Protein chains: 2
Amino acid sequence: MGYETVELGGGARAAELRAEARDVAEAVGRVRLVVVVATDDESTAWYVRSITRAAEKVGIDCTTVRLPPDAAPAAIRQELLALSADPTVHGVILQTPLPPGASAADLAGAIAPEKDVDGANPLSLGRLAAGLPAFAPATAEAVVSLLDAHGIALAGRSVAVVGRSTVVGKPLAHLLLDRDATVTVCHSRTADLAAATRTADIVVAAAGRPGLIRGEHLAPGSVVVDVGTNATEDGGLTGDVDAESVAGRAAALSPVPGGVGPVTTALLLRHTALAAQRAAAGGQ
Amino acid sequence: MGYETVELGGGARAAELRAEARDVAEAVGRVRLVVVVATDDESTAWYVRSITRAAEKVGIDCTTVRLPPDAAPAAIRQELLALSADPTVHGVILQTPLPPGASAADLAGAIAPEKDVDGANPLSLGRLAAGLPAFAPATAEAVVSLLDAHGIALAGRSVAVVGRSTVVGKPLAHLLLDRDATVTVCHSRTADLAAATRTADIVVAAAGRPGLIRGEHLAPGSVVVDVGTNATEDGGLTGDVDAESVAGRAAALSPVPGGVGPVTTALLLRHTALAAQRAAAGGQ
């Protein structure tokens with residue numbers, strides 16, 4: 001069908017980022033990341049273990065603070081404030097899902113911006129949008145980092161972002177605008193998704209719906225980044241893109257797993273190492 | 001040419017908003033807005049005088065704090081912090097342009113969010129993006145308010161926002177996404193502006209370039225909102241849309257002056273009255 005769809009793997013870029021994190025962590029000495037968890041969700045536990053292992057490999061101490069799955073928002077906020085005030089902690093992540101009634105964006109406002117290594121505090125998002133220094137949400141930044149790693153230009157190109165979440169779609173739109181891309185944000189209420197995505201040079205699927213993006217959603221020769229991390233019945237992971245259907249039509253596709261995911265984890269570690277470096281430089 | 005282009009005037013909506021502001025201000029008692037100015041720019045002075053007059057008409061006391069046009073950023077920040085701490089002040093606006101070297105977004109971080117009636121603090125923008133309560137930048141909110149006033153639906157429709165400023169384009173994108181529109185943000189580096197805007201149901205011109213949007217940029221029957229406020233040589237105001245060229249092709253066009261402008265000013269007053277009401281309710 002014209003295109004030999006190239007795979008945009010994240011492994012090499014992730015390895016580079018981990019090496020940077022390791023170098024910074026070694027130079028700084030002790031670097032500590034804390035993940036706050038308030039759920040019994042098994043896939044969350046799996047994800048947190050994978051971050052912990054990755055952190056240890058680059059010399060970052062990663063500990064988990066477990067709160068009960070019915071923790072009150074005030075208790076979660078209290079924990080985040082305490083970690084924000086603790087000079088031995090350099091990075092703080094508030095893991096989702098949260099107990100019913102707790103708002104991730106609202107609670108993340110309690111994470112000190114300089115320790116907000118996953119860009120979850122609304123202040124981080126606002127500063128990002130305003131062009132001021134801030135940590136971007138790691139998944140959003142991973143999309144740009146993966147495209148950069150594969151030499152895919154963004155300036156002047158049209159990008160359709162499918163999904164308008166506070167953690168991926170919206171911050172990614174700002175990162176892409178900052179790189180001079182023309183950005184369209186589509187979502188579940190978009191009247192004609194295929195019409196919106198078919199004019200784009202690059203399509204980023206971040207809707208959390210398995211198989212949402214198919215060949216007919218793409219202009220021939222476009223680049224597709226799959227940000228979906230949907231659990232499969234057999235305990236595996238599947239993206240938002242129907243890889244079989246886009247093969248031969250897309251010029252390139254980032255796989256799930258093995259694309260954006262490893263870059264995201266590596267960026268979290270790099271952010272944490274940088275936060276520790278800045279804290280050390282600031283005499284904290 | 002098929003379309004009798006309807007004028008989307010802002011006068012009626014502005015009058016409604018001013019009446020709401022007047023009612024709230026009367027109920028609260030004393031309401032005070034302070035505009036911080038650090039420029040000798042004549043069109044800025046004109047704009048501030050028009051806000052002051054409009055405020056007085058609805059019973060809001062509006063005072064201007066003048067700093068020299070070469071004020072240091074630290075001095076401006078100090079003033080904003082003092083006003084944020086002053087319980088007699090309910091709304092604070094940092095007027096642009098600012099002295100060379102001063103960043104509006106960075107300095108606006110010193111405006112207390114509850115007094116940030118023009119949504120200039122990056123925290124306000126981030127909260128807006130995250131779906132949390134915050135004052136939106138008045139100009140961005142005015143676009144949505146004007147469209148609502150004229151019964152133009154947003155859900156499921158495609159909107160092209162031309163301009164990616166922190167004060168209009170970016171916050172407007174979030175307001176439109178929140179209303180279930182599909183949003184494309186275009187800008188000076190967009191490769192083919194007409195291609196991006198011609199597929200939109202609604203085009204918002206907020207680039208600050210007189211005459212940028214012409215008939216060929218529009219799908220027949222689309223709605224155009226002109227946010228441009230460009231000074232003309234004779235001391236007047238002109239928008240970003242070439243009104244003559246789009247007549248007969250657009251179904252509707254908001255004029256400059258008389259469209260978004262009066263709604264913007266009225267929203268600033270309404271925000272200030274609401275801020276005072278909340279402060280009174282909070283016992284401040």
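Residue numbers begin at 1 in each chain, while the letters A, B, ... track the order of the sequences. Below, each value reflects all heavy atoms present in this structure, side chains not excepted, and no hydrogens, waters or symmetry copies. Owing to the predicted nature of the structure, the values given are computational and were not obtained by experimental measurement.
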*Of the listed residues (A:Leu125, A:Val161, A:Asp180, A:Val167), which shares the most heavy-atom pairs with chain B below a 4.5 Å separation?*
A:Asp180
*Compare every heavy atom of A:Thr44 with every heavy atom of A:Thr96, then report the nearest pair and how far apart it is.*
O-OG1, 3.6 Å
*So which part of A:Leu177 gets closer than 4.5 Å to some heavy atom of chain B, the side chain, the backbone, both or neither?*
both
*Between A:Asp201 and A:Ser158, does any side-chain donor sit less than 3.5 Å from a side-chain acceptor?*
yes
*Does any N or O in the side chain of B:Thr197 come within less than 3.5 Å of the main-chain N or O of B:Ala160, such that one atom is a donor and the other an acceptor?*
no
*Atom group of A:Arg127 that falls short of 4.5 Å from chain B, counting heavy atoms*: both
*Engaged part of A:Ala181 at the chain B interface, taking heavy atoms whose separation is under 4.5 Å*: backbone
_Report which part of B:Ser103 has an atom under 4.5 Å of a heavy atom belonging to chain A: side chain, backbone, both, or neither._
side chain
*Which of A:Leu132, A:Leu123, A:Thr184 touches chain B most, by non-hydrogen pairs under 4.5 Å*: A:Thr184
*Check: B:Ser165 side chain, B:Val168 main-chain N or O, donor-acceptor pair, under 3.5 Å*: yes
*Are any of the side-chain nitrogens in B:Asp178 or A:Arg164 under 4.0 Å away from the carboxylate oxygens of its partner?*
no
*Does any heavy atom of chain B fall under 4.5 Å from the side chain of A:Thr166, the backbone, both, or neither of them?*
side chain
